[in-house]
Amino acid sequence: MITDSFDNKTQPILTLKDFYGERKHLVDICLITFSKNIYDYILSAFHCEKITEIKACNGHTPVYKFSYQGTDIAFYLSPIGSTAAAQFSIEANWLTGASKFIMFGSAGSLDGEKTTNKYVIPTEAYRDEGMSYHYVPPSDYIKVKNSDRIKSLFDMWNIPNIQGRIWTTDAMLRETVGQVALRRNEGCIAVEMEVAGVQAVCDFYNFELYNFLVTGDVLCEGNYNNSQLSGANHNLDKLQIALKIAIHI
């Protein structure tokens, strides 16, 4: 069973050294963005230098760095989904040395009254995906460790926000009425596709994850609303907040 997948007693057969050689240390901080619009904006607005590539048989993903208020920051366009996003963070660390990851993306709201016009700061993520079970012992939820730190920064900057549990799923089209009801009853206020897996690998490798979300679509029985989804995905306000976080960590 997938809940038997965590093995910290024996060694992995292969490591990233087999593919990339020795670990490098070029930067400390890396942005994880899922928006091609935000990614393109960074490339056009800052002097960016390509520093490495995350390689795969279906193509290579460039990793760039730029300087912001004297701090070097790496970034790349992450694939969507817990497994791919988490794996990219592991490889980005090996290739750049970054151990502080600032991840920002969109989510579906499970409670529009609580999340409307507020950033969501996850406290725990329900592990409805596969990646996390290989990196931390089985449990229903994984704690998002830097939630309170992000909350304190948002409050200091007077940015509207709400903390709460979220649901990480690998199956967007199986967010059924029954599953939404279960997660809502457990206190989940949003659903997304990456946090549980990325937090798990960060815990395993002693990376730091700083995550916040913007809700776009609202999952409500019989009344699905995605009118705010494009803005949640691509508005540049998330980038400005991520850069502020980078300076403070």
From the options Trp167, Tyr126, Tyr141, select the one residue that forms a side-chain hydrogen bond (donor to acceptor under 3.5 Å, both in side chains) with Glu186. Tyr141

In terms of heavy-atom contacts, Leu95 and Glu53 come closest through CD1-O, 3.2 Å

Just checking, is any N or O donor in the side chain of Asn233 or Ser106 under 3.5 Å from an acceptor N or O on the other one? yes

Regarding Thr215 and Ser109, do their side chains bring together a donor and an acceptor under 3.5 Å, going by distance alone? no

Side chains of Ile42 and Tyr64, heavy atoms from C-beta outward: is any pair under 4.5 Å? no

When Ser82 is tested against each of Met193, Glu192, Met131 for side-chain contact (heavy atoms from CB on, under 4.5 Å), which residue passes? Met131

Do we see a donor-acceptor contact under 3.5 Å between the side chains of Ser227 and Asn225? yes

From Asp140, Thr3, Val195, Ile142, residue fulfilling side-chain contact (heavy atoms from CB on, under 4.5 Å) relative to Arg127: Ile142

Leu239 versus Thr33: any side-chain heavy-atom pair under 4.5 Å? no

Lys/Arg-Asp/Glu bridge criterion (N-O < 4.0 Å) met for Glu124, Arg165: yes

Does any part of the side chain of Ile162, heavy atoms only, come nearer than 4.5 Å to the side chain of Val120, both counted from C-beta? yes

Checking the side chain of Tyr20 only, and the main-chain atoms of Lys55 only, is there a donor and an acceptor separated by less than 3.5 Å? yes

